**Q** 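One structure follows; several queries about it will come next.
A, B, ... follow the sequence lines: proteins, then strands. Residue 1 opens every chain. Note that the structure is predicted; figures quoted are calculated from it, not measured.
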Amino acid sequence: MRIAASFEIEYLQYLAPDGTLAADLPPQAPAADEVLELFRRMLFLRTFDGKAVALQRTGKLGTYAPCLGHEATQIGIGAMMRPEDVLAPSYREYGAQIMRGVQLREILLYWGGDERGNDYRNEPARHDFPWAVPIATQCLHAAGAALAFKLRGEKRVAVTCCGDGGSSKSDTYAAINAAGAYALPFVQCIINNGWAISVPRSAQTGARTLAQKGLAGGLHCLQVDGNDLFAVLEGMRRAMERARAGEGGTVIEFLTYRLHDHTTADDARRYRDEAEVKDAWTRDPVARLRTWLTAQGLWDEAREEEWIAECTRQVDAEIDAYLGTKSQPPEAMFDYLYADPPPDILEQRAQLLALEGRA
Amino acid sequence: MRIAASFEIEYLQYLAPDGTLAADLPPQAPAADEVLELFRRMLFLRTFDGKAVALQRTGKLGTYAPCLGHEATQIGIGAMMRPEDVLAPSYREYGAQIMRGVQLREILLYWGGDERGNDYRNEPARHDFPWAVPIATQCLHAAGAALAFKLRGEKRVAVTCCGDGGSSKSDTYAAINAAGAYALPFVQCIINNGWAISVPRSAQTGARTLAQKGLAGGLHCLQVDGNDLFAVLEGMRRAMERARAGEGGTVIEFLTYRLHDHTTADDARRYRDEAEVKDAWTRDPVARLRTWLTAQGLWDEAREEEWIAECTRQVDAEIDAYLGTKSQPPEAMFDYLYADPPPDILEQRAQLLALEGRA
Amino acid sequence: MKAVAKQDAAGAGGAPAAKAITLIEAITQALAWEMRHDDSVVVLGEDVGVNGGVFRATAGLQQQFGPMRVLDTPLDETTIAGLTVGMAAMGMKPVAEAQFDGFIYPMLDHIICHAVRFRYRTRGRLTCPMVLRVPWGGGIRAPEHHSEANEAMFTNVPGLRVVMPSSPARAYGMLLAAIREPDPVIYFEPKRIYRQYKEVVPDDGEALPLDVCYVLRDGSDVTLVTWGAQVKETLEAAEQLEAEGISAEVIDVATLKPLDFATIAESVARTGRCVIVHEAPKTAGFGAEIAARLASESMYDLLAPVERVTGYDTHMPLFRLEMKYMPSTARIVEAAKRTLAAS
Amino acid sequence: MKAVAKQDAAGAGGAPAAKAITLIEAITQALAWEMRHDDSVVVLGEDVGVNGGVFRATAGLQQQFGPMRVLDTPLDETTIAGLTVGMAAMGMKPVAEAQFDGFIYPMLDHIICHAVRFRYRTRGRLTCPMVLRVPWGGGIRAPEHHSEANEAMFTNVPGLRVVMPSSPARAYGMLLAAIREPDPVIYFEPKRIYRQYKEVVPDDGEALPLDVCYVLRDGSDVTLVTWGAQVKETLEAAEQLEAEGISAEVIDVATLKPLDFATIAESVARTGRCVIVHEAPKTAGFGAEIAARLASESMYDLLAPVERVTGYDTHMPLFRLEMKYMPSTARIVEAAKRTLAAS
Ligand SMILES: Cc1ncc(C[n+]2csc(CCOP(=O)(O)OP(=O)(O)O)c2C)c(N)n1
Ligand SMILES: Cc1ncc(C[n+]2csc(CCOP(=O)(O)OP(=O)(O)O)c2C)c(N)n1
Ligand SMILES: [Mg+2]
Ligand SMILES: [Mg+2]
């Protein structure tokens, strides 16, 4: 039998679900105090997420897509990016975005029906892509960004995320193909949380792993435990180094779980077994890292209580800022349409103002 | 190192470029007289192809996409399909189509600017898909056909072809993904002839083989020497058997070469080294099989001369039938638009007739 | 199929135990009817199975007909469109669901290059009897891309049928007709009025024509022409106008392509005035086609310039401003009065 | 950018050694000029590199500017569109080529959902200065899908600019403007007249406005409005009409979106009659928008019904019948005479 090609896809896991080490930590793992800081960000994210859901339930926010359970993956992705890199997120990667300076009030504004949420004020998020609702289209934008970096000779990496559902989308395949064809500094994060609304991962594809989609474009492929911060960091480190060294793109599949409904408009009990969710909680990324940090003597209940209180204060302040933001005037819908608005647009804008009695 | 998944892609070649056996023929290889019959079809196809190009050069045909060099792949694909299967070709697979009953006059009518070319009169081609010009869209139609077969419990296989260029197209990836997700009776033939108009295979993707695109959807993958009829037949046999047995889809990459310009509207000398073409002729599928058949005592120059004369007669008769086919009347553009044409369409049709002085 | 059908079929049938249902329930009822009576009908789309669709249009269908008749698809609109075309060409009658209007663009290639061309291209050898159901339009405080009114881009495509019901009875009858139609149909569903009101819709399998406009209200001073969710505001406008002594005829276009222009022309011949109302942006919205035909075929009947009350030529804003974007009752009333002042 | 520019800039510039070139050569010349003067301009598409494009629009550019400025793409239109959006958002000015009009549908999603929305969505934080060049229309005896007139579907899309030059000078000046434009532009190229005639086009880097119609011929009896390749037949029709004593004004719309309606309205105010000519199917073609605006803004000027002479509401047939599909000089002349007989 002659073999045309053969492939192996590595799996990374260091921290077992019970919080003990499943393997030696990689040599490049961050120091414990850095890990502690990332754990704090995970708790911060979880605090925010819960409060955002509550805001929606009380009618103060539109539909919101929670990120409960994705904390290690999201914070880890954001942590391994440099300021000059660029992130092209889906609609759920608040953790990675917060690491890049996106403000909670911006997240809330966006889901609160206000375009200004996408006008990230802080660097480096300011040059990142906005949320992308049409599934996986952001993956091709990231490939385009990576192509721009390569053509201009910039040492920057484009990182993009899509879900397990998004991994079926033509755009994801196209991005992987382009990244391979041009050997781009590109990292495709596939965040496999088991579900695409009501459709389970098993119904999306016959592929054994989602990581192997990278093989179709000749990219490097990795599968990592997305609930293990160490694995996330190590997987991202390898991918970013490859990209920066001009060795091309990587597809990383992060195995995690969507612990919440798809969005606040969804009711997962219609299609998902409660037992599966319960089981998934045993792999909770936050509990696992807490156990490890506690075993290292770096964390305890008192510190957690104090930090949660601080998170609550910070999140509440952002919520207040959001709630205190006046809506844009209606004519804002005509602004930022064209750099140089044509007369018809200016006339329609004037009509709207007249209708509002503000002509 | 923990491995999440590993893969091997087999390569099939039995007949070496010099016409000697590179490996033992597979047990299921057809008997020599059957091979001889397929060789005759290859010569028939080549005769037609040359005459079609000549017709275009003399202004009697529109742009035409030659199939010179693809004979073993195309005839082999067609040979392994059963009547009840369905073929969704690109615009170049005349060989496979002829095996299914498509008439030369139909091919000529289509490239001669007449819709009737797609109205294949003979079974089983009559239920096949027509030529698809938008690259690779036919792959998804084949997946849809395969899904229909599966839902209806029919033991039929959908076979589709695209080129090396077409293997980059979103639709091909989508078809592979769907075939894997639903475990469809589906065979994706990727006919890698080295070029997509002026773009070489190397610029399409970073993947080492095109066969491995199947891994993205969990399909079975094979790479075969597309200039070796035995390899083509064996690759197709395996894929068709898997499909019929309900084991799911296969992607087969056929390694062949486009010996001609892309179409009669193209001039490959602008972008392709003549030396590469010369080299490719040393792997010519026709010469290779001729050498083998001659060594078996099944073929010689006299038989070839006689058969080519017969091919010429048959092809010329079809060309005459084509040239003798009167154009459709202009109002044909309104026919077959809707089963039940709306009044506006009937009115426009009447306007056209009036303009033609035939109201 | 052409017929003078100015009234809904609702109430006419003799089916047993008809109950009042919403527009979206009428869609479910039509799907179920046709699936019961035609084995070749298959429903596919994202989340249409166990979940019954994000709007619940396919609720219960998978339980009833099984996973071989109601298929969740991988998350790719190109896939849905391409599979649908392939299935239809092989003799099935697929009814595909687009989850939201804003996600249909990747489907256009297979619709425009293939679905509408198979019959033409093969001289009738292969056909493509498919339906694409598209929840349509704004006004439900949804996220970005969930509120688009993009019907116009389909109306320049030859070989297509484009319809949009605006009542439970029309939703039922037109969906049955769409599934039975031997050519591809885009079936837009005005999601803002999915649950606006209930109506008794007998489950009698009676289809409605796919090529007639519906006169919802007779009038003599001005013709208000609209479709989809704006039927609501347009009828309200007619009532307000009546209070001011102005008699407005209201036409629900319902079947955009082919367009039943005769019904509109007949009305304008009587009223001399026309206001076209739609949610999509004004420029090159489908209202333009209606106005263009008036300008050429009803020119001598017009007593006043044709008015278009539409969405603005900008994007549907995120939900805080969406209702400011859409044609309001007030804007329709104002435009109707302008046509009366004009002559 | 709005300016009264009724004449081409051709001949006006002071560039050295200007020579007569075809429309497609003017495109190459504009690309080369802008690439020389702006490093951020990058050309990408299928076969645009060594091969110089299947129509030779990018001939020589890769040799001149290297493979980092002129990129062959993998064969996928979704890829081309998505990469282009991503590059533009990162500050490049990509000029993407679609190989033929019939292959652009997979690009629509990225154009409609992203290219035209980045500025709006991010409140100006990110923008998308890109050009999509689309060889357009029929009449070159090409295979299926190579002869589509699909401009109308873009004109209902907010935030987009849609242009179509019909002379070498306009091709040059409008392409420069399109590349310099900070928002996305669809630049349609009427391929039937790529090599119709030559014109002296100074290579002076002078852009033309993207929001004006061009009056190609003055007239007083009837206004003929068209764009793209039909400019040829329309000018011929004007000449035939002149021979019969009818004075026809000919307007090349050139910039479909935003539409310079003022120039059309001004003309119709003088002539009272309008014939709109386009190759695309009639129903919901862009001619409908022009007729609709006449019906509402020029109603009182109209002395006759607005005529549309267009492609039929069917598919562009394969090439044996394609010239029977398209608006002919005879059909335009006949329609113009109808408008004169009408009043
Ligand atoms: C093109 C497109 N089609 C459909 C949708 C509707 N939709 C929103 S989220 C979603 C599921 C996404 O699942 P996955 O990619 O796994 O990401 P997750 O939500 O699990 O993070 C769907 C179908 C969409 N946003 N875009
Ligand atoms: C969607 C689409 N884009 C572009 C084209 C123009 N085109 C026709 S053939 C071709 C190259 C195809 O190459 P490949 O897939 O390798 O097939 P081959 O011609 O070599 O058989 C291109 C770009 C097309 N037909 N369809
Ligand atoms: Mg998911
Ligand atoms: Mg090829």
**Q** Residues two or more places apart in sequence or in another chain: which of them pass side chain to side chain donor-acceptor pair (under 3.5 Å) with A:Ser198?
**A** C:Asp47
**Q** With a 4.5 angstrom heavy-atom cut-off, which part of C:Glu334 approaches chain A: side chain, backbone, both or neither?
**A**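 The side chain, not the backbone.
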**Q** Using a distance-only test with no angle check, is there a side-chain donor-acceptor pair under 3.5 angstrom linking A:Ser170 and C:Asp76?
**A** yes
**Q** Looking at C:Pro74 and A:Ala203, what are the two nearest heavy atoms and their distance?
**A** CG-O, 4.3 Å
**Q** Output the residues of residues 274-288 of chain C for which the shortest heavy-atom distance to chain A is under 4.5 Å, in residue-number order; output 'none' if no such residue exists.
**A**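 C:Lys282 fall under the 4.5 Å cut-off.
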**Q** Examine whether an atom of C:Tyr325 lies under 4.5 Å from a heavy atom of chain A, and if so say whether it belongs to the side chain, the backbone or both; otherwise answer neither.
**A** both
**Q** I'd like to know whether OH of A:Tyr336 has more than 12 heavy-atom contacts from other residues, nucleotides or ligands below 6.0 angstrom.
**A** no
**Q** So what's closer than 4.5 Å to chain A heavy atoms on C:Gln99: side chain, backbone, both or neither?
**A**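 Just the side chain, heavy atoms under 4.5 Å.
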**Q** For residues A:Leu109 and C:Arg320, report the shortest heavy-atom separation together with the two atoms involved.
**A** CD2-NH2, 4.2 Å
**Q** Could you state the interatomic distance from CG (A:Asn118) to CG (C:Leu318), rounded to the nearest 0.5 Å?
**A** 8.0 Å
**Q** Can you list every pair that meets ring pair (Phe, Tyr, Trp, His ring centres under 6.0 Å) and has a residue in residues 339-359 of chain A, with sequence neighbours left out?
**A**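 Passing the test, one end in residues 339-359 of chain A: no pairs.
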**Q** Identify the two heavy atoms, one from A:Met333 and one from C:Leu321, that lie closest to each other, and give their separation to 0.1 Å.
**A** CE-O, 4.0 Å
**Q** Between C:Tyr312 and chain A, which part of the residue has a heavy atom less than 4.5 Å away: side chain, backbone, both or neither?
**A**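 Looking at C:Tyr312, backbone and side chain both touch chain A.
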**Q** Give me the atom names and distance for the closest heavy-atom approach of C:His145 to A:Val133.
**A**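 The answer is CD2-CB, 3.7 Å.
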**Q** Can you sort out the partners of C:Leu132 under side-chain contact (heavy atoms from CB on, under 4.5 Å), two or more places apart, ordered by chain and number?
**A**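 Checked C:Leu132 against side-chain contact (heavy atoms from CB on, under 4.5 Å); matches are C:Ala96, C:Ala98, C:Met107, C:Ile111, C:Met130, C:Val134, C:Ile186.
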**Q** Considering only heavy atoms and a distance below 4.5 Å, find which of A:Val199, A:Thr63, A:Ile197 pairs most often with chain C.
**A**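 That would be A:Ile197.
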**Q** Counting heavy-atom pairs closer than 4.5 Å to chain A, which one of C:Thr78, C:Thr73, C:Asn51 comes out on top?
**A** C:Asn51
**Q** Under a 4.5 Å heavy-atom cutoff, which of A:Trp111, A:Tyr338, A:Tyr110 has the most pairs with chain C?
**A** A:Tyr110
**Q** Assess, by modelled atom type and distance only, whether the side chains of C:Glu144 and A:Tyr91 contain a donor and an acceptor separated by less than 3.5 Å.
**A**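 Side chains of C:Glu144 and A:Tyr91: no pair found under 3.5 Å.
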**Q** Kindly give the heavy-atom pair with the smallest separation between A:Ala196 and C:Leu75, and that separation in Å.
**A**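 Looking at all heavy atoms of both residues, the closest pair is CB-CD1, 4.3 Å.
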**Q** Kindly indicate, with the supporting measurements, whether the criterion salt bridge (Lys or Arg N to Asp or Glu O under 4.0 Å) is fulfilled by C:Lys324 and A:Glu331.
**A** CA-CA 9 Å; C:Lys324 297 284 183 185; A:Glu331 65 270 24; over 6 Å; no
**Q** Taking atom CZ as the centre, does A:Arg269 end up with more than 12 heavy-atom neighbours from other residues, nucleotides or ligands that are less than 6.0 angstrom away?
**A**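 Count not over threshold, so no.
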**Q** Given that the side chain runs from C-beta out, which part of C:Asp313 has a heavy atom under 4.5 Å from chain A: side chain, backbone, both or neither?
**A**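 Answer is both: backbone and side chain atoms of C:Asp313 are under 4.5 Å from chain A.
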**Q** Would you please test A:Lys169 and C:Glu77 for side chain to side chain contact (heavy atoms under 4.5 Å, CB included) and show each step?
**A** CA-CA 8 Å; A:Lys169 189 102 185 304; C:Glu77 281 70 15; 3.4 Å; yes
**Q** What part of C:Pro317 gets closer than 4.5 Å to chain A, counting heavy atoms only: side chain, backbone, both or neither?
**A** both
**Q** If you define the side chain from C-beta out and look only at heavy atoms, does anything of C:Arg56 sit under 4.5 Å from A:Arg270?
**A**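 Of all side-chain heavy-atom pairs linking A:Arg270 with C:Arg56, at least one is under 4.5 Å.
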